There are 2 protein chains.
Amino acid sequence: MTRNLKLELAYDGTELHGWQWQENAVSVQNVLSDAVFSVTAERPVIYGCGRTDAGVHAKGYVCSFTTESGVPTGKFVGALNNYLPDSVVVKSCEEAPPEFNARYDVTSKTYRYAVYDSRVADPFLRNRAYHHPGKLDAGLMARAAKEFEGEHDFTSFCASHSVPGSKVRTVYSARVSEEGGLTVMDFTGSGFLYNMVRIMAGTLVEISEGRITDTVAQIIENATGSAPAGPCPPAGST
Amino acid sequence: MTRNLKLELAYDGTELHGWQWQENAVSVQNVLSDAVFSVTAERPVIYGCGRTDAGVHAKGYVCSFTTESGVPTGKFVGALNNYLPDSVVVKSCEEAPPEFNARYDVTSKTYRYAVYDSRVADPFLRNRAYHHPGKLDAGLMARAAKEFEGEHDFTSFCASHSVPGSKVRTVYSARVSEEGGLTVMDFTGSGFLYNMVRIMAGTLVEISEGRITDTVAQIIENATGSAPAGPCPPAGST
């Protein structure tokens, strides 16, 4: 009997080349496909809820695949973790309805970008958060972030070499808060353009610094499509 | 004029081969010596407060060296950090009296070993804390740890291939607490035998599990020197 399984993963993307299967690099899909093969002797297509870039981490990544295997869901977790590197962990496994597909059924995604301001960098945060030597104003950033919310043409917030197509996206929420010494920016939306989350995060940092004086609403409004609004900081957040 | 400088470092030891200079591996002393050379064009001996093993991290490691350089202490921090890898950070630099030597003047050291108990491992803790699938009893571990305190012959708690010499050491405090989902064991003492901290930590975990039923005091008392008391868990703590 064909079963449809839904997995929830967590991964530290520091040494991984993103989610997507790659011929000559180690991605999450590569190691997971190998682990599924080791457990089931099958190589189903594994559908993921999104493509994360190299260096991006995940705390609750959902993917799904079909299998003829009879291994109970409770055993799948430990069996897959046995074959996965320490950087990728299966947190749970459950039976999903036959029509469920983690790629097409995703309704919202939350991306987090973390920054911290301190004179000297913290070596323990080097792959987790962006070091910003100047003081950040989380309150100001939170107010600016609010203007990302809603349905907008985000042309000003995508990589200049991004693929053609509509740049209209809906951001359900954009929040900035302080958490354990970090300034975290959480963006939830139906989907995001290429590099959009990083450019939104970089723009909020520049606004806090006073280097960008336009409001987010003005930047969205003035979309020229010629260049992104803010800088694109490095990966390393969830 | 010869100056004596005292540095405080933090480092993520995951990819480093410990403190000690090595011919064919990258250690903290190697990268720091190269950075000092880049800033001062000198290669002084750098005295460290202790030898940390490969994979061990540091939050406040003190070292010292002499220099003829006139670079002000305030500039030394940024200058050295410029040349250091992201995993090693100079937190502060100050002038020390000519007689100060970080290796010989150390009066106490604190080592932390962190463990966490959860069914599934956390990929973000893989190089920071030891994953223990069974439930840990921090209260029981804290009471057992108390018996490490004082001056004892720690023969039962050192690697069987450790160098000859007195195994008497003084542990000023041995504390177990819960911190952000981790069970942390902090050991402060004048000095520790080879692998002593890891074996003490492993012993406390085994006591919590009920796999060791002797008390710590009994284990110290029954020192045979033939084998360590508990297992020696991997590095990855501060």
Side-chain angles (χ1 to χ4, degrees), chain A residues 7-16 28 31-32 35 52 55-61 73-93 112 114 116 118-131 133 179-182 234-238, chain B residues 7-16 28 31-32 35 52 55-61 73-93 112 114 116 118-131 133 179-182 234-238:
Chain A
L7 303 181
E8 189 186 353
L9 312 178
Y11 51 85
D12 177 332
T14 307
E15 288 148 22
L16 295 163
V28 181
V31 298
L32 187 60
T52 59
V56 172
H57 313 308
K59 287 202 158 174
Y61 186 97
T73 51
K75 298 266 181 203
F76 246 112
V77 175
L80 290 172
N81 285 334
N82 251 346
Y83 291 104
L84 287 168
D86 286 352
S87 53
V88 181
V89 169
V90 175
K91 293 166 71 180
S92 67
C93 172
R112 164 168 288 195
Y116 67 105
S118 68
R119 200 174 51 84
V120 171
D122 180 339
F124 301 105
L125 293 176
R126 71 203 157 110
N127 301 313
R128 309 284 170 90
Y130 183 66
H131 174 231
E179 204 177 293
L182 300 175
S237 287
T238 316
Chain B
L7 302 181
E8 189 186 355
L9 312 178
Y11 50 84
D12 177 331
T14 308
E15 287 148 24
L16 295 164
V28 182
V31 298
L32 187 59
T52 59
V56 172
H57 312 308
K59 286 201 160 176
Y61 186 96
T73 51
K75 298 266 182 199
F76 246 111
V77 175
L80 291 172
N81 284 334
N82 250 345
Y83 291 104
L84 287 167
D86 287 351
S87 53
V88 181
V89 168
V90 175
K91 292 165 72 181
S92 67
C93 171
R112 164 167 288 194
Y116 67 105
S118 68
R119 200 173 51 83
V120 171
D122 180 340
F124 301 105
L125 294 175
R126 69 202 156 110
N127 301 312
R128 309 285 170 91
Y130 184 66
H131 174 230
E179 205 176 292
L182 299 174
S237 287
T238 315

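No experiment lies behind these values; they were computed from the predicted model shown. Just so we're on the same page: letters track the sequence lines, and every chain starts at 1. Any value given below was found using the heavy atoms of this structure, including those in side chains, with hydrogens, waters and symmetry copies removed.
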Any idea which of Val89(A), Asp122(A), Val120(A), Asp12(A) has the most non-hydrogen atom pairs under 4.5 angstrom with chain B?
Asp12(A)
Which heavy atom of Val88(B) sits nearest to which heavy atom of Pro123(A), and what is that distance?
N-CB, 4.5 Å
Calculate, to the nearest 0.5 Å, the distance between atoms CZ and OG1 belonging to Phe124(A) and Thr14(B) respectively.
8.0 Å
Using distance only, find each side-chain donor-acceptor pair of residues 74-87 of chain A under 3.5 Å and give its atom names and separation, not counting sequence neighbours.
{"from": "Asn81(A)", "atom 1": "OD1", "to": "Val90(A)", "atom 2": "N", "distance (Å)": "2.7"}
{"from": "Asn81(A)", "atom 1": "ND2", "to": "Val77(A)", "atom 2": "O", "distance (Å)": "3.2"}
{"from": "Asn81(A)", "atom 1": "ND2", "to": "Val90(A)", "atom 2": "O", "distance (Å)": "3.1"}

Shortest non-hydrogen separation from Arg119(B) to Lys91(A) and the atoms involved:
NH2-O, 3.6 Å
